[in-house]
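Quick caveat, the model's predicted, so the values are computed rather than measured. Order of the sequence lines fixes the chain letters, A, B, ..., with proteins taken first and strands second; residue numbering starts at 1 for each chain.
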Amino acid sequence: MTPASFLVMKRHQATLLENRRLGPGLYSLQVEFEDLGDVEPGQFFEFLTGARFLRRAFSVADRDAMRLRFVLRVVGKGTAWLSQLTEGSKLNLAGPLGQGVAMPSEGPVMLLAGGIGAAPLLYLARKLNEQRVEVDALLAAGTKEELILTEEFGSLCRKVILATDDGSCGHKGLLTDILPALPAINDIQIFYACGPESMFAALKRLDLGKPLYAFLESRMGCGTGLCMGCGVLGRDGRYHRVCTEGPVFNLEEIEL
Amino acid sequence: MTPASFLVMKRHQATLLENRRLGPGLYSLQVEFEDLGDVEPGQFFEFLTGARFLRRAFSVADRDAMRLRFVLRVVGKGTAWLSQLTEGSKLNLAGPLGQGVAMPSEGPVMLLAGGIGAAPLLYLARKLNEQRVEVDALLAAGTKEELILTEEFGSLCRKVILATDDGSCGHKGLLTDILPALPAINDIQIFYACGPESMFAALKRLDLGKPLYAFLESRMGCGTGLCMGCGVLGRDGRYHRVCTEGPVFNLEEIEL
Amino acid sequence: MNLEVFLGKARFRNPLVLASGTFGYGLTHTHVIDRMGAFVTKGITVQERVGNPPPRIWDTAETVINSVGLENVGLKRFKEETLPLIHISTPLYVNLAGVDLDDFRILIKSLRDDERVAGFELNLSCPNVKEGGVALGQSVDRVREVTSLARSLTTKPLWAKLTSNFCDVRQTSKAAADAGADALVLINTLNALVIDIKGRKPFLGAGSGGLSGPAIKPYVLYIVKEVSRQINIPVIASGGVTSGTDVIEYLLAGASLVQLGSINLVDPEAGLRILEELKRYFEQEGISSPAGIIGQLEER
Amino acid sequence: MNLEVFLGKARFRNPLVLASGTFGYGLTHTHVIDRMGAFVTKGITVQERVGNPPPRIWDTAETVINSVGLENVGLKRFKEETLPLIHISTPLYVNLAGVDLDDFRILIKSLRDDERVAGFELNLSCPNVKEGGVALGQSVDRVREVTSLARSLTTKPLWAKLTSNFCDVRQTSKAAADAGADALVLINTLNALVIDIKGRKPFLGAGSGGLSGPAIKPYVLYIVKEVSRQINIPVIASGGVTSGTDVIEYLLAGASLVQLGSINLVDPEAGLRILEELKRYFEQEGISSPAGIIGQLEER
Ligand SMILES: Cc1cc2nc3c(=O)[nH]c(=O)nc-3n(C[C@H](O)[C@H](O)[C@H](O)COP(=O)(O)OP(=O)(O)OC[C@H]3O[C@@H](n4cnc5c(N)ncnc54)[C@H](O)[C@@H]3O)c2cc1C
Ligand SMILES: Cc1cc2nc3c(=O)[nH]c(=O)nc-3n(C[C@H](O)[C@H](O)[C@H](O)COP(=O)(O)OP(=O)(O)OC[C@H]3O[C@@H](n4cnc5c(N)ncnc54)[C@H](O)[C@@H]3O)c2cc1C
Ligand SMILES: Cc1cc2nc3c(=O)[nH]c(=O)nc-3n(C[C@H](O)[C@H](O)[C@H](O)COP(=O)(O)O)c2cc1C
Ligand SMILES: Cc1cc2nc3c(=O)[nH]c(=O)nc-3n(C[C@H](O)[C@H](O)[C@H](O)COP(=O)(O)O)c2cc1C
Ligand code: FES
Ligand code: FES
């Protein structure tokens, strides 16, 4: 175990610049920091809320100088609390935490987003774009209203394919129903996916024949490797800490 | 026991119109109601806060149509939470609770306020003024900065006497040091006092020879007579519920 | 939809019970009481009690700590002055707070023939009195003795309200069941101390108090599940309920009735809200009666 | 000002201890560990344990519920791989999580001669494993046996970490003290159940977990006060500390050392903040050492 910068939790007193509703229960938060070092795609920040004792983890969805963007979906008390914050509010944050994703040596790559999973992949698209790696995105969600960040992906990707479960926008069907039939898929070197557990399970069954990195979630205790609260079962029969060994794992190496 | 209106807790969803700092840890809250019946001096409202499980009690300090004014002093987590609310916030309130004070048949009367104790007495001054009962006020506090509502009392009272512990404004000394020497005191028919417990104890020792009504505080459970949490010891050796039998008691009838 | 629950022959129109000490004697808010499954009075002692010195209440964001100390009018005044004033259509359970066998004998004999009294909750667990209360409830033998005695004195429903403080509540539950209790009430408040560091003394006038409120729910839920699986009389849950969801959790864990305590202090009409939440859940899930979910928690 | 505390000959630079399971093995955040009075490792078992299935964590505004299930590297790897990597200047206590006497014998024999190990915390109280753990700690006899055995095997400081679940912790405290423990750690997490009402199953992968965090503080404070007045070995408090005020409350109630657990999850540098708060209090109140306030709570 080598000490890494993300293992020591850096705390911030930051300011909420904008809290914008994107869709049903979906919010985009612009946060301004006083002091912010490097932040890699895949890394996350933990927010203190007034509704829960432990911090809540959110992936970095984008960056502009000292501003970070987070996109959150309200699922419980902590996210509800955050969604109600007004502009100008002070936020107690910790991060960046977790390991950045392994960047590809060559493209094209494809991003596979299920619902709120689009959030961390947007920041990855931005970084890939900066490094001139070609990138496609397949964005899926339940309904049209739940499809988020499509414009942002549009400006960064070679191609953006949309899909909804109910067909209200783009292809009709689950991400994993549509994916195999896409012509673009053949020259893809690496996949990056973020979405619900059921999506990862289906992706595993698809067996795309190329490396697939999965951005995982897990209920966390500390976010810094201290408590073993966030384990995801590995192929080796051991639990791996999503907070410090992840949150991005090679799909092959984990059990679902 | 006869059913009284204040025994059934009426809940309100009200709006904070103004939150103004009056002094160190002292805030004035203007709250607008959608629906508000009679409110008598001495009655209080209970506020739900995000910091404590139980409601927090605050006396009505003034009224203007559908707006009530409350004045609060930050002493713990609930009051700190309330003091940080921004204008436009929605408040969950219950009230009016408790019994209104017995109004005098004739004046002049004198109001004795220690610190935040000025709050409920202001509303009483307003009502006495409406009923053309002559009223004097002795307002005491630790320092000049802690003397609140002096202008408001000025516009309603025949005479307003100020005192501070450190002499930074008005007479120097405790309210009960100054009171006996005041010339105005002789023709007073009734006293109304609100302040810390030590003030009531000293008032009791002064033995002013006229009825003195004490606006009491107590840690409350329910505020509606259900839990026996708020008892104050009576001369009869029993505990009396501040929430429903008070909060105003004849000083003679309670033990301190 | 039918929310009725039967414990033996005793019928409750729904599983919600207003907990002792949090709804007075049932003299006010009768519009709430009349919609509930049952109502339990403040603890009644043989002699009138003035209760503990103030302050009696402390709270945090998710807990209440009280040291009311069983302030009550005492058996005589309760029977003569209070009972005649109670006009409710909901079964009235009297919480009996005895110190020893004699107390319980006196209390039950005096009240058992009053037809307004539907049944008794034996308070074997109050942490706020020096004698009796929690100390009784910590001893398997005392619990057995008191319950047996009570059983021998009345055929009315008997609920044994137990404590988990400094004892194995699985054992005391078994003792109460064996001795003939009709149901177990799990649990009374946890011992709790709040310290005023400036004065270097306990904050509450009585020295210590009893902890209740939402924070204790996961703890009580565990106890309810364990005990209801081991003991074959109905369990009535008491601890931290604030919503319909909480009630359903307790039913799933094995409770047949669920008490509302601290939440009544925040809102005396909470029972009405919780009842609506419960109904909505039953509707949405197509459950026809509480019996359909009591104890239906799956194992992991 | 001197914040030192001595338990027998063992010296602690201040009363703050990082609690087992909330600070890993002491491999990171050593700048925090090195300012504390002591550090306790995650519970170590004889065999490596993969721990419980996820989810393992739940929380409310004032509680945490965990079911990590003693995931740890096991004795062999701990000794060979982990211990050599721990570089801290603070006394290292190893939390030993045995299932039976044999386990404790193996664990202590293997570690007792390692000079990096200052002492042992006997985990007689983990609610998150089916065997051993809390079940051991509920039995006065088992507590006595394990503590006696441990005492016979080592002269290093021995802390017995106890539970209040389904037992009288005053009795188990006495047993541990009589059997030669140097200190009692009160208490481990409370049994807790969280229910997923949609799935009608426990939310945590392991079925149930252990409750900790600020909401349990008044409960643990009461236990610490009671036990420290009855038992004449030092008490180490563990439950809900988040501030310097909380530490002072525990010292007043009778604790000699105070553990920080759940708060480390919110902020691994919380110990540094709490230490500053403690110092400020000592300064303001003109207290020269913890000994000046331990057990100084006045009665009411
Ligand atoms: C590394 C990482 C990155 C993440 N990035 C993002 C992101 O960018 N955007 C985002 O929106 N989220 C993200 N998440 C997820 C986010 O952290 C969680 O949604 C959040 O912590 C939920 O907190 P809460 O307090 O709102 O939910 P809680 O109230 O704690 O509830 C948590 C979950 O449990 C369910 N639940 C609540 N009560 C019960 C019950 N009684 N029974 C059963 N289930 C129940 C809720 O529906 C919810 O799904 C990320 C998570 C991780 C680990
Ligand atoms: C009828 C009535 C009318 C009232 N009207 C007003 C009013 O108009 N304006 C007003 O400002 N107040 C009023 N009060 C008082 C007000 O209700 C209380 O100040 C308020 O409830 C405190 O809540 P809190 O959550 O801020 O304090 P808490 O955090 O609950 O603390 C309460 C008190 O305990 C002290 N305390 C906190 N922690 C500790 C500890 N560990 N040890 C010892 N002491 C501690 C605090 O300093 C504080 O004094 C009234 C009270 C009543 C009963
Ligand atoms: C203010 C107050 C007074 C109480 N008085 C009694 C009592 O007299 N008798 C009793 O058996 N329980 C009493 N209790 C305990 C409650 O009936 C209930 O069992 C406990 O509070 C746990 O439930 P809760 O978390 O829903 O409050 C009291 C509780 C509170 C908060
Ligand atoms: C995530 C987590 C893991 C824990 N693991 C252990 C453990 O391995 N051994 C142990 O004795 N206690 C363990 N505990 C209990 C703590 O050491 C502590 O006694 C308890 O959490 C109460 O203190 P707190 O309220 O400060 O957290 C754990 C607690 C938590 C929250
Ligand atoms: S959340 Fe604590 S180790 Fe990952
Ligand atoms: S606060 Fe409950 S009776 Fe007064």
Side-chain angles (χ1 to χ4, degrees), chain C residues 52-53 58 60-63 65 127 138 164-171 190-209 211 213-226 244-246 248-253 281 285 293 296-300, chain D residues 52-53 58 60-63 65 127 138 164-171 190-209 211 213-226 244-246 248-253 281 285 293 296-300:
Chain C
N52 287 331
W58 177 256
T60 72
E62 296 189 327
T63 71
I65 301 171
Q138 280 163 8
S164 68
N165 292 326
F166 297 128
C167 69
D168 183 348
V169 66
R170 299 169 304 192
Q171 302 294 331
L190 281 70
N191 287 129
L193 175 62
V194 182
I195 295 180
D196 163 6
I197 67 166
K198 289 215 187 80
R200 294 195 187 175
K201 60 179 197 309
F203 178 83
L204 296 173
S208 62
L211 184 76
I216 71 168
K217 190 191 69 176
Y219 172 69
V220 181
L221 212 40
Y222 185 91
I223 291 174
V224 164
K225 188 201 81 178
E226 284 293 300
T245 305
D246 296 335
I248 293 150
E249 290 184 40
Y250 274 120
L251 295 175
L252 287 169
Y281 175 83
E285 303 286 313
I293 61 168
Q296 295 303 306
L297 183 74
E298 278 172 37
E299 286 290 344
R300 267 278 198 174
Chain D
N52 287 331
W58 178 257
T60 71
E62 297 191 327
T63 71
I65 301 171
Q138 281 164 6
S164 67
N165 291 326
F166 297 128
C167 69
D168 184 349
V169 66
R170 299 169 303 192
Q171 303 292 333
L190 281 69
N191 289 128
L193 175 62
V194 183
I195 295 180
D196 164 5
I197 66 166
K198 290 216 187 78
R200 294 193 186 179
K201 61 178 196 310
F203 179 84
L204 296 172
S208 62
L211 184 76
I216 72 168
K217 190 192 69 175
Y219 173 70
V220 181
L221 211 40
Y222 185 90
I223 292 174
V224 164
K225 188 202 83 177
E226 284 293 299
T245 305
D246 296 335
I248 293 150
E249 290 185 39
Y250 274 120
L251 296 174
L252 287 169
Y281 175 82
E285 302 286 312
I293 61 168
Q296 294 303 305
L297 183 74
E298 277 173 37
E299 286 290 345
R300 268 279 201 176

request  = Under 4.5 Å heavy-atom distance to chain D, tell me which part of C:Gln171 shows up: side chain, backbone, both or neither.
outcome  = neither
task = Below 4.5 Å from any heavy atom of chain D, which atoms of C:Leu204 appear? Answer side chain, backbone, both or neither.
result = backbone
Measuring only between side-chain heavy atoms, which start at C-beta, is [X] closer than 4.5 Å to [Y]?
{"X": "D:Arg200", "Y": "C:Ile293", "answer": "yes"}
{"X": "C:Ile197", "Y": "D:Tyr281", "answer": "yes"}
{"X": "C:Ile195", "Y": "D:Tyr250", "answer": "no"}

Least distance between heavy atoms, [X] atom then [Y] atom:
{"X": "C:Leu193", "Y": "D:Leu221", "answer": "O-CD2, 3.4 Å"}
{"X": "C:Ser208", "Y": "D:Tyr222", "answer": "OG-CE1, 3.5 Å"}
{"X": "D:Pro202", "Y": "C:Glu299", "answer": "CD-C, 4.5 Å"}
{"X": "C:Arg300", "Y": "D:Phe203", "answer": "NH2-O, 3.0 Å"}

Option in D:Ala61, D:Ala215, D:Gly207, D:Pro53 with maximal non-hydrogen atom pairs under 4.5 Å from chain C =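 Heavy-atom pair counts peak at D:Ala61.
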request  = Heavy-atom pairs under 4.5 Å with chain D are the metric here; pick the option from C:Trp58, C:Phe166, C:Tyr219 that has the most.
outcome  = C:Phe166
Output the distance between atom [atom1] ([X]) and atom [atom2] ([Y]), rounded to the nearest 0.5 Å.
{"X": "C:Leu190", "Y": "D:Ser164", "atom1": "CG", "atom2": "OG", "result": "8.0 Å"}
{"X": "D:Lys217", "Y": "C:Leu211", "atom1": "NZ", "atom2": "CG", "result": "11.5 Å"}
{"X": "C:Lys198", "Y": "D:Thr245", "atom1": "NZ", "atom2": "OG1", "result": "9.0 Å"}

request  = Could you verify whether a donor N or O on one side chain and an acceptor N or O on the other, from D:Glu62 and C:Thr63, lie under 3.5 Å apart?
outcome  = no
